[in-house]
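Taking it in order: structure first as C-alpha cells, then the write-up.
Being a predicted model, the structure only gives us computed values, none of them experimental.
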Amino acid sequence: SARGPAQLVDSTVAGNVAGDPGAAEGRGGGVFSAGTMTASNATLSGNAAAAYGGGIATLGQMELTNVTVSGNGGGGVIAACAGETAALRLARSVVSGNEAVVREGAPLSAGEVGALVPGAGCFVDIVSEGYNVLGRDGDAGSDGFTLAASDVVPSGGLASVLAPLADNGGPVLDRPGAALLTHALPPGSPALDRAPSALCAAAPVDGVDERGRPRNADGDGAPSADECDAGAYEWQPPATPTVTPTPTATPRPTRRPTATPRPTQTATATATATATPSPTATITPSPTGTATATATATPTATARPKEAEST
C-alpha cells in the first residue's frame, strides 16, 4: 500500500517476483508496504525480490502475528527506511528457510529478518514480541534487533521446522474450489506449542489458524497452558474415524410346528359281564325201591356134529 493502512489476513502469497534478477531495484516480492500494515494468519512462500524483501519489504509500520515466511529469495522480512523511521513488530511467527540476495560476494540484506539502513538520518526499529521461530541450523539469520527470551533458533534444518508448501485444507475466500497452500508443521517442530494459549484465543487470530482450524491443539503430547503454534498453521490431532455400526442380522426364529395337545382319554368303565353262577343241582334222593329178583334163562351150548372123513 502507498502510505495507507492495509491488512493481510488468512491468506497465502506465493510465487511472486519483484524486479529482474540482477537489477538494482526490486523489493517486496510478496508484499511491499510504505505505510501501515498488519498481517495475521498469513503465509508468504516462494516469492523473490531482485534486491531485498523477497517475502516482505516495509518502509513504514508493520506488525506480523502468527505469520509464516519461508522459501523467499531476497530475504524473508526486511525493514528499510526512506528518510523516516520504519518499525517492525514480530509475534508468534516463523521466518525460516529464506535466502538473501548476494552480490559481489556480499549479501544485500539479512537472510531471515533484518534492518536495511541506506544512509544517515534513517532509523529502523525492529522489536520481537516473543514466541517466534527464526532461522535454521543454529543460525537466526537475522540482524538489527535482539531476540526475545521466548524466541527460538532451530538447531535442525528447514525440514525439521516446516513441511513443504502444500494443500493442507482450508478455503480460498476469493476463489471457491481453489486450494489454500500452507506450510504444515512436522513432528517435533520447534513451532509446535510455542506460545501461550491465551494469546492465540484473542485478536487478531481469534482462536483459529489460516485455514480456520482451531488454535491451541496439543501438538507435542504434553498438555500445558502453552498450546498455540507459531506461524500461520496450527497442528491438528488426527481425526477419529466415525465407526458406522454394521447391521447384524437377527436370526429369525425357525417356525416349529406347535404340538396340539391330544386330549387325555378318560377311561370309560366298560360293563363286564359277570357270569351268573349256574344253579347247582340239588339231588333229591329217590325213595329206595324194593329189589325184585328176576330169573334170567342161561343159554345151553349145543354140540356141533363132526364131519365125516373122506376115504
Side-chain angles (χ1 to χ4, degrees), residues 1-8 13 16 18-19 23-40 42 44-45 47-104 106-136 139-153 204 230-231:
S1 66
R3 300 186 182 279
Q7 290 183 318
L8 179 64
V13 179
N16 300 284
E25 291 297 324
R27 55 193 178 179
V31 169
F32 174 78
S33 175
T36 300
M37 181 174 182
T38 61
S40 60
L44 296 105
S45 179
N47 304 289
Y52 64 88
I56 297 174
T58 178
L59 302 180
Q61 316 295 310
M62 180 167 286
E63 185 167 345
L64 307 180
T65 306
N66 284 98
V67 171
T68 298
V69 184
S70 184
N72 299 286
V77 182
I78 304 300
C81 62
E84 59 186 56
T85 300
L88 172 64
R89 301 288 183 271
L90 290 170
R92 309 191 297 276
S93 292
V94 179
V95 186
S96 179
N98 303 284
E99 298 286 349
V101 172
V102 177
R103 288 186 186 165
E104 298 179 358
L108 298 184
S109 68
E112 307 291 4
V113 180
L116 191 61
V117 181
C122 194
F123 182 72
V124 175
D125 180 28
I126 301 177
V127 175
S128 170
E129 296 182 348
Y131 310 104
N132 298 293
V133 178
L134 303 172
R136 65 191 188 282
D139 181 5
S142 303
D143 61 25
F145 70 105
T146 301
L147 274 63
S150 58
D151 291 341
V152 62
V153 177

### Query
Does one side chain, of N66 or S40, offer a donor that lies under 3.5 Å from an acceptor on the other?
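Side chains of N66 and S40: no pair found under 3.5 Å.
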For the student: nearest non-hydrogen atoms of [X] and [Y], plus distance:
X	Y	answer
S96	S70	O-OG, 2.7 Å
A100	P107	CB-CB, 4.0 Å
A115	G144	CB-CA, 4.3 Å
A50	E25	CB-O, 3.5 Å
G74	V101	CA-CG2, 3.5 Å
I126	F145	O-CB, 3.3 Å

### Task
Return each pair, listed once, that meets salt bridge (charged side-chain N to carboxylate O under 4.0 Å, His left out) where at least one residue sits in residues 62-72; pairs must be two or more places apart or across chains.
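Output for this query is empty, none listed.
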### Task
Not counting sequence neighbours, list each pair that qualifies as a salt bridge (charged side-chain N to carboxylate O under 4.0 Å, His left out) and has a residue in residues 122-135.
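Those involving residues 122-135 are R89-D125.
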Using the side-chain hydrogen bond (donor to acceptor under 3.5 Å, both in side chains) criterion, which residues pair with [X]? Sequence neighbours excluded.
X	result
T38	none
D143	none
S142	none
R136	E99, E112

Using the side chain to side chain contact (heavy atoms under 4.5 Å, CB included) criterion, which residues pair with [X]? Sequence neighbours excluded.
X	answer
V13	L8, N16, L44, N47
L116	Y52, I78, A80
A18	A49
T85	F123

### Task
Quick one: list whatever passes salt bridge (Lys or Arg N to Asp or Glu O under 4.0 Å) with D139, sequence neighbours left out.
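So D139 forms no salt bridge (Lys or Arg N to Asp or Glu O under 4.0 Å) with any residue.
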### Query
Please walk me through it: do V94 and V69 pass side chain to side chain contact (heavy atoms under 4.5 Å, CB included)?
CA-CA 6 Å; V94 179; V69 184; over 6 Å; no
### Task
Mind running side chain to side chain contact (heavy atoms under 4.5 Å, CB included) on T58 and M37 for me, showing each step along the way?
CA-CA 9 Å; T58 178; M37 181 174 182; over 6 Å; no
### Task
Take V77 and L88 through the side chain to side chain contact (heavy atoms under 4.5 Å, CB included) test and state the conclusion after the steps.
CA-CA 9 Å; V77 182; L88 172 64; 3.7 Å; yes
### Task
Go through the steps for V95 and V133 under the test side chain to side chain contact (heavy atoms under 4.5 Å, CB included), then give the verdict.
CA-CA 6 Å; V95 186; V133 178; over 6 Å; no
